[in-house]
Amino acid sequence: MDSSSDAHGRHKCAACFRQFNKMEHLVEHMRAARHSPHEPRCGVCGKHCSSFEALRDHLGAGGSTLPMAAGCAGEFAARGCKLCLRVLAGAAALRAHRDCQLSRTPPTARLPHQPQPPQGGGGRALALGCKMVGAGSDGSLDVVARVCVVDEQETIVFETFVKPLIPVTHYRYETTGIRPEHLLRDGVTVKSAQRRVQELLLNGEQPWKARTSRARLLVGHGLDHDLDALGVDYPGYLKRDTATYPPLMKTSRLSNSLRFLTHTYLGYDIQTGHQDPYEDCVAAMRLYHRMRQQRHPRRGGGADEPAASAEQAFPAWRQRELERMTPEELLQLSTPDYHCWCLDD
């Protein structure tokens, strides 16, 4: 019996360890699952998980009530970091492991409600954060009232209040801390804020050349919502959205809140009281750095980049050939369905 089958004739996936009675079912599973070396993996058994939340459930971290692997959970409880989910060499290494626990950083000293002078910004990525106030008859229409842009060194490169184009009916002061006088006294027009954000992102490039190396990566949480409010169009290729990055999403493929992600993976709380867009920018940038620093095996030759469809890796005309392969060989053919941020490094 070959390595693709167990003692009962079942075929086990080399990534998630699911078992199938027929090899054709395993091939179909590989088409659908899109396993790759860029998925979060258990540091004990090596199982691939679709997201870090699925890995937390597997390890029994964070009070999960789902079934878990008892051996992996025991090892993780003894020598695992609950923030980065790494399994370290021992208890001493765990006590010395301090890199993952970050602290809440207040904004750099500046005059209250004072627009920040524009700067160039350090690094290839910029983080964008916006705060919305309510418009419309019931105040449910989001309009941008405050914008902040932060570079990779967590320095504010642009921040200002924005005067909405339509009347504000609900300032949402309990969460935004914004009053009418802030917008009347210090606010700039939406067009002015839009132009400055575009200048920072394009970094001297023309809009139709935004895919070149000079244009910056845009980091944030719920970027499409913020960009729509500003009226800015930016290529998806250059967006790094913590709300839609698959490893940071729920197992149901729904988005987690930025507050939850910061508490779970950075170890501190944000958005308590009045919410500061600077704090959101810093949290999103730290999450981006945490994901970018993941070390995954590189296969080269474009195998690490997402394919347009699973059919490219597992074409139907190769079905018989695929069914003769081992699970490990099938995993080598599999391509991810998202761009892993570790490839930005």
Side-chain angles (χ1 to χ4, degrees), residues 38 52 83-84 98-110 115-131 146-160 193-205 209-227 230 232 234-245 247-248 256 258-259 261-268 270-271 275-296 338-345:
H38 297 279
F52 282 102
L83 294 178
C84 68
R98 296 280 185 262
D99 297 341
C100 297
Q101 179 68 54
L102 301 180
S103 59
R104 188 174 184 174
T105 304
T108 54
R110 65 185 190 271
Q116 292 296 296
Q119 303 174 33
R124 193 194 169 200
L126 294 175
L128 172 69
C130 298
K131 288 301 171 188
R146 194 175 178 186
V147 178
C148 183
V149 180
V150 171
D151 65 14
E152 292 198 55
Q153 285 71 48
E154 302 179 6
T155 302
I156 297 173
V157 296
F158 177 64
E159 184 182 29
T160 186
Q194 176 195 89
R195 187 184 309 114
R196 183 54 191 157
V197 169
Q198 284 182 320
E199 288 173 357
L200 288 168
L201 293 176
L202 294 174
N203 196 26
E205 284 291 358
K209 296 181 179 179
R211 289 178 177 268
T212 63
S213 59
R214 289 179 61 184
R216 290 190 169 105
L217 299 175
L218 177 58
V219 178
H221 189 82
L223 282 175
D224 288 343
H225 182 243
D226 289 349
L227 291 174
L230 282 170
V232 174
Y234 206 59
Y237 169 78
L238 295 172
K239 295 177 186 175
R240 301 294 182 265
D241 196 336
T242 56
T244 58
Y245 187 53
L248 292 176
N256 280 304
L258 182 60
R259 183 176 182 177
L261 293 175
T262 305
H263 174 80
T264 304
Y265 299 109
L266 301 179
Y268 67 95
I270 63 169
Q271 297 179 351
Q275 299 176 12
D276 192 330
Y278 169 81
E279 196 170 50
D280 293 354
C281 287
V282 169
M285 184 63 78
R286 289 177 173 181
L287 286 166
Y288 170 68
H289 284 163
R290 181 66 53 82
M291 296 298 106
R292 192 176 70 181
Q293 291 163 4
Q294 299 284 318
R295 291 293 170 254
H296 301 139
Y338 62 91
H339 171 80
C340 182
W341 293 350
C342 78
L343 301 175
D344 293 342
D345 226 0

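Remember, it's a predicted structure, so these values are computed and weren't measured experimentally. These values consider heavy atoms only, across backbone and side chains, with no hydrogens, waters or symmetry-generated copies.
Val219 and Ala125 make their closest contact through CG2-CB, 4.0 Å (heavy atoms, listed as atom of the first residue, atom of the second, distance). Heavy-atom minimum distance, His221 versus Asp226: O-OD2, 4.2 Å. When every heavy atom of Val282 is checked against every heavy atom of Tyr268, the shortest pair comes out as CG1-OH, 4.4 Å. What you find for Leu200 and Phe158 is that their closest heavy atoms are CD1-CB, 3.7 Å. Nearest heavy atoms, Leu258 versus Ala284: CD1-N, 4.3 Å. Heavy-atom minimum distance, Gly129 versus Pro277: O-CB, 3.8 Å.
The shortest distance between side-chain heavy atoms of Leu223 and Leu218 falls below 4.5 Å. Side chains of Phe52 and Cys84 form no contact here, defined as non-hydrogen atoms less than 4.5 Å apart. Between Gln101 and Leu83 the shortest side-chain heavy-atom distance falls below 4.5 Å. A heavy-atom distance below 4.5 Å is not found between the side chains of Cys281 and Val149.
Between the side chains of His38 and Gln294, not a single donor N or O lies within less than 3.5 Å of an accepting N or O. With 3.5 Å as the limit, one finds no donor-acceptor pair spanning the side chains of Arg216 and Tyr234. Counting only N and O atoms by type, the side chains of Gln271 and Asp280 include a donor and acceptor under 3.5 Å apart.
Between the CG atom of Leu266 and the SG atom of Cys100 there is a distance of 9.0 Å, given to the nearest 0.5 Å.
Glu205 places no side-chain N or O within 3.5 Å of a backbone atom of Ala215 that could act as its donor or acceptor partner. Proximity of a side-chain donor or acceptor of Thr244 to a complementary backbone N or O of Gly222 within less than 3.5 Å is not detected. Looking only at distances, no side-chain donor or acceptor of Asn256 sits under 3.5 Å from a matching main-chain atom of Leu261. Under the 3.5 Å distance criterion, the side-chain polar atoms of Arg290 are matched with a main-chain donor or acceptor of Tyr265. Checked by atom type and distance alone, the side chain of Tyr278 pairs as donor or acceptor with a backbone atom of Glu154 at under 3.5 Å.
Checking each of His289, Gln293, Arg240 against Trp341 for a side chain to side chain contact (heavy atoms under 4.5 Å, CB included) leaves exactly one that passes, namely Arg240. When each of Thr264, Thr242, Asp241 is paired with Leu248, the side chain to side chain contact (heavy atoms under 4.5 Å, CB included) condition holds for Thr242 and for no other. Exactly one residue among Arg124, His339, Arg292 makes a side-chain hydrogen bond (donor to acceptor under 3.5 Å, both in side chains) with Asp344. That residue is His339.
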Legend entry - Stepwise side chain to side chain contact (heavy atoms under 4.5 Å, CB included) test for Leu126 and Asp151: CA-CA 5 Å; Leu126 294 175; Asp151 65 14; 3.8 Å; yes
Legend entry - Evaluation steps, side chain to side chain contact (heavy atoms under 4.5 Å, CB included), between Arg259 and His263: CA-CA 6 Å; Arg259 183 176 182 177; His263 174 80; 5.8 Å; no
Inset, instruction - For the pair Leu201 and Leu128, evaluate side chain to side chain contact (heavy atoms under 4.5 Å, CB included) and give the outcome as yes or no after the intermediate values. - result: CA-CA 10 Å; Leu201 293 176; Leu128 172 69; 5.9 Å; no
Legend entry - Full working for salt bridge (Lys or Arg N to Asp or Glu O under 4.0 Å) between Asp224 and Lys239: CA-CA 9 Å; Asp224 288 343; Lys239 295 177 186 175; 2.8 Å; yes
Legend entry - Step-by-step side chain to side chain contact (heavy atoms under 4.5 Å, CB included) determination, Val150 to Val157: CA-CA 6 Å; Val150 171; Val157 296; over 6 Å; no
